Each structure stands twice: as C-alpha cells, then as structure tokens.
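As the structure is a prediction and not an experimental result, all values here were calculated from the model.
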Amino acid sequence: MKREFLIFIAVYGLLYGSFLNAKERDAGTEAMLKYVRACGFVKDNYVDSVNIDSLTATAVQAMVSSLDPHSTYLTREQVRISNEMLFDGFEGIGCRYSVENDTAIVLQVVAGGPSEKSGLKPADKILFADTTAVAGVGISSAELQRIIRGPKGSLVNLTVLRCADTLKIPVKRDKIDVHGVSSSFMLTPSVGFVRVDYFSEGSGREFEKALLALSKSGAVKFVLDFRGNSGGLLNEAVQMLSCFLPSGTELYTAKGNHRGGYTARAGSSRHQFPDAPVVVLIDGGSASASEVFAGALQDWERAVIVGGRSFGKGMVQQSYPLGDGSEIRLTVARYYTPSGRDIQRPYKKGEYITDELGGIIPDVSVEIERDSVERMRCYYLKDSVMECEEVKEAVRILENK
C-alpha cells in the first residue's frame, strides 16, 4: 500500500507540474488536472484509507454512463464474460434453462455438448447440483449458473425430475463453443425456421449452413427468429444479410463526429437465396445488429417483419482497453437503415426517456403479453415455438407467397 501511495504521489507530481507549467491548456487538459487534484486531495486528506483504483473505476463508470445508455465501463471480469459470449466460448455443461416457480427447467441442450451426451433433456427440472438443493430455495439464475458452471473435466452430478421420475445424471463439464444460431427445423414441408440468439463470431457461417440444410430438406421459404436477440458483431449481420440481398446492396450507414461515414454493403459470395420469401420475427428484446438485419430487409422490401416494436438501439460501440484488463465501450457512431432511418430510442443524460419511440416497427404487429418463462419457452422449446402466435402468423403470410 505504501509503494502504491508513493507511485501515485510521483505520478500526481509529474502531471501537476507539467500541467501547471503549460501556458495554454485546452478543456481536456483542464479536466484531467481537475481529476488529478481531486484524487490527490482525497488520497491525502480523507478520514479513512481509500483505494484509488476503485475510485477511478467509479469515476470512469460515471463519466461514460452519463453520455448515453450504451457507453459503459467494464471490469476485467465483465470483459472476460462478454468475450466468452462473443468469441471464446465458456466451460460448463452446455444447456439453457429458465427458473419457473423456483425450479430450473431445461429449455435446450447444446448439440454435442456435455448435457446432451449425458442424457439431459428439455423440460427436465433440476433439483440438485451435487448435494446442493437448487429447487424450492429461492435461488437466482446467476447463482445457479455459478454452481453449475465449472472448469473443463470436472464433474457435476445433477438430480432431475423428468415427468414423475427422479433421475441422477452425472455431467462432465467441457468447453462450450458459442453458437449464435441455436436451432433450425422445418415448420411445414416448405417453410424452414432458423433461430438466431446473438451475433457471435461465426454466426454468419452457421446461419448460411442452417439455411442450406433446410433447403435440402425442402424449404423454399423461411421464418427467421430474432426475438430477444440483443445484438453482437455487426459484421456477422452483414454476412447473414448477404444471403438475401444482391452484392453491393447498402445495409446500413454509420456516422460519428470523429470518424467519417461508413456504409456496409452486402457481399457477393453468400447470395444464395435471392428470391426465397422471408418473414423476420422481432420483439422488444431485439436490438442493435438484430435491428440492422430487420431494418435492411424491411427497407428493401425483401422480407415481412412480424412481431412487436424492437428495442431501439441505433448506436455503434467500440472497445478501448484501459491497461489493466478493464475497458470502456464507447459509442462512436450512430447507424442508419438504408432509407436513412435513425431507430435510436430518445434518451437524456444517459437514461431512456420514453419506450414509445425508436426501434423497427413491424409490418404485421403481433404482440403477446408473456412472462419471462413463457417468452423463453417460445424462443427455445420446439413445440412452444410452433404454437406461438408470431410463428403461426409468419406461416400464414408465407402460405400466400
């Protein structure tokens, strides 16, 4: 602690001296000097000991979060978790679940993952993880995730209820690759369904592969489900759009004060479904790259958009590392659909001020009030997916095309 204090005082002295001797200071320099002075006063005079790293993290978070609802500060651990979902994958058992009536119900098992290999099935209710009760004890989803996840090669013994039978299922944890496309199947003999959870690295290839597999099974029309998809990597959305729009087609434009405008265009190598009728499903949880996807197809009249108004995130973030594993994700541009629409929800001082503006407005509105469990079922359980009103409406639309 003494060494940390001496380093801080030395840096403070150097910065203070260099700033003090400068004849002219711009606003940025004055702001940095103000912060360094404040840190020095707190460090030297506060009644109790303080952690300068913690104070700095709090200050950075307050600064960036005041800009808009999407700029944020991430700790090293938050960066790691975020990167797992977009790039690296994670270590665990490979299943998706939802807590319903104080019980975790399995919604989906990752194909080829540890849960599927061990015999865990959708609709199983998890009662125990090893000797720890996880049902009827008020456990949160985050705490359950902490208990179930673990290092590759380690074992967790699950006790599950399947119909009326109680089963013990040992699951050996493994590395779980992240898949943006979570399911694909035939809705009718001619209509294929593809569910996209998020735009992670490789999602574009997965999406194209799913479309081609469905096409071989007889699909000539497609329902594409982006409900609850909060976004991810925009380049993956560009790859997906390239399956349906001709090479060179404008997909979105991004503009910011500190960088020139950038226009993303469809590529040529993936344009394999130029005429297939398409319905895209969205809802209030569809954001960012999902809105880029839906907005481009809507503007070019290439698909019918069905569901509810999307979230309304029309801003692009870029990561800037801070040297200790933490980073800020800063909004650097606004994006616009091909027709020039700005779909960002209004905000003030970093907070949304209305839910009624912004977003992609569907061509056919089908908004169903559901609790979180019902919504998750309609995203992931095949029988529930096929019975939900948005999907039924999509099939009705496609039957007339």
Side-chain angles (χ1 to χ4, degrees), residues 75 77-78 80-82 84-85 89-179 182-183 185 195 197-198 225 227-230 283-286 308 367-391:
T75 65
E77 179 65 11
Q78 289 170 328
R80 182 188 67 79
I81 293 171
S82 177
E84 281 182 348
M85 295 308 298
F90 57 92
E91 294 181 351
I93 67 171
C95 81
R96 181 176 277 109
Y97 57 83
S98 179
V99 177
E100 176 180 359
N101 297 325
D102 209 12
T103 303
I105 299 176
V106 177
L107 297 175
Q108 186 183 49
V109 293
V110 174
S115 290
E116 184 185 61
K117 291 177 180 178
S118 299
L120 197 67
K121 296 181 181 297
D124 284 351
K125 297 178 179 179
I126 304 176
L127 306 179
F128 288 86
D130 293 325
T131 58
T132 302
V134 296
V137 294
I139 197 168
S140 68
S141 292
E143 179 64 11
L144 180 59
Q145 182 182 82
R146 187 191 66 78
I147 293 171
I148 290 180
R149 277 196 185 183
K152 176 180 177 179
S154 61
L155 191 71
V156 59
N157 292 290
L158 300 180
T159 303
V160 305
L161 182 66
R162 181 179 298 165
C163 298
D165 298 323
T166 301
L167 308 174
K168 293 188 179 298
I169 301 178
V171 184
K172 188 176 183 180
R173 299 180 179 102
D174 203 347
K175 176 70 177 291
I176 309 299
D177 294 326
V178 174
H179 294 285
S182 61
S183 62
F185 50 84
R195 164 77 192 171
D197 282 336
Y198 31 73
D225 188 3
R227 293 172 299 168
N229 183 323
S230 61
D283 63 11
S286 307
E367 295 193 71
I368 309 295
E369 289 294 328
R370 299 187 177 104
D371 62 26
S372 59
V373 173
E374 286 182 311
R375 192 165 60 249
M376 292 288 282
R377 285 175 173 269
C378 285
Y379 292 166
Y380 298 114
L381 287 180
K382 184 175 180 180
D383 290 344
S384 296
V385 169
M386 297 183 73
E387 289 301 315
C388 73
E389 289 303 315
E390 301 98 303
V391 174

- prompt: Given the rule in the side-chain contact (heavy atoms from CB on, under 4.5 Å) test, do Ile139 and Ile147 qualify, once you have shown the distances and angles that lead to the verdict?
  reply: CA-CA 10 Å; Ile139 197 168; Ile147 293 171; 3.7 Å; yes
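A distance of 11.5 Å separates SG of Cys378 from CG of Asp383, quoted to the nearest 0.5 Å. Taking NZ of Lys168 as the reference point, atom CG of Leu127 lies at 9.0 Å (rounded to 0.5 Å). Separation of atoms CZ (Arg173) and NZ (Lys152) is listed at 14.0 Å; rounding is to 0.5 Å. Going from atom CG of Leu381 over to atom CD of Glu387 covers 12.5 Å, rounded to the nearest 0.5 Å. The CD1 atom of Ile93 lies 4.5 Å from the CD1 atom of Ile148; values are rounded to the nearest 0.5 Å. Atom-to-atom distance recorded for Ser115:OG and Asp124:CG is 9.5 Å, nearest 0.5 angstrom.
The two residues Leu158 and Val171 make their nearest non-hydrogen contact at CD1-CG2, 4.0 Å. Nearest heavy atom pair, residue Tyr97 against residue Ala104, reads CD1-CB, 4.2 Å. Smallest separation of non-hydrogen atoms from Asp283 and Arg227: OD2-CB, 3.3 Å. Residue Ser154 comes nearest to Pro151 through the heavy atom pair OG-O, 2.6 Å, listed as atom of the first residue, atom of the second, then distance. Between Ile176 and Pro114, the shortest heavy-atom distance links the atoms CD1-CD, 3.4 Å. Minimum interatomic distance between Thr166 and Thr159 (heavy atoms only, all atoms of both residues): CG2-CG2, 3.6 Å.
Of the possible polar contacts, one joining the Ser118 side chain to the Pro170 backbone as a donor-acceptor pair under 3.5 Å is found.
Relative to the six-membered ring of Tyr379, Arg195 meets both conditions, a distance below 6.0 Å and an angle of at most 45° to the axis.
Ion pairing of Asp197 with Arg96 is present here, as a side-chain N (NZ or NE/NH1/NH2) and a carboxylate O approach within less than 4.0 Å.
In this structure Phe185 satisfies the ring pair (Phe, Tyr, Trp, His ring centres under 6.0 Å) test together with Phe193, sequence neighbours excluded. Take Ile105 and apply the side chain to side chain contact (heavy atoms under 4.5 Å, CB included) test, not counting sequence neighbours, and it matches Glu100, Lys125, Arg377. Every residue two or more places apart in sequence or in another chain was checked for a side chain to side chain contact (heavy atoms under 4.5 Å, CB included) with Asp102, and none qualifies.
Contact check for Leu120 versus Cys95: side-chain heavy atoms found under the 4.5 Å cut-off. Side-chain contact between Arg162 and Ile169 is present, with at least one heavy-atom pair separated by less than 4.5 Å.
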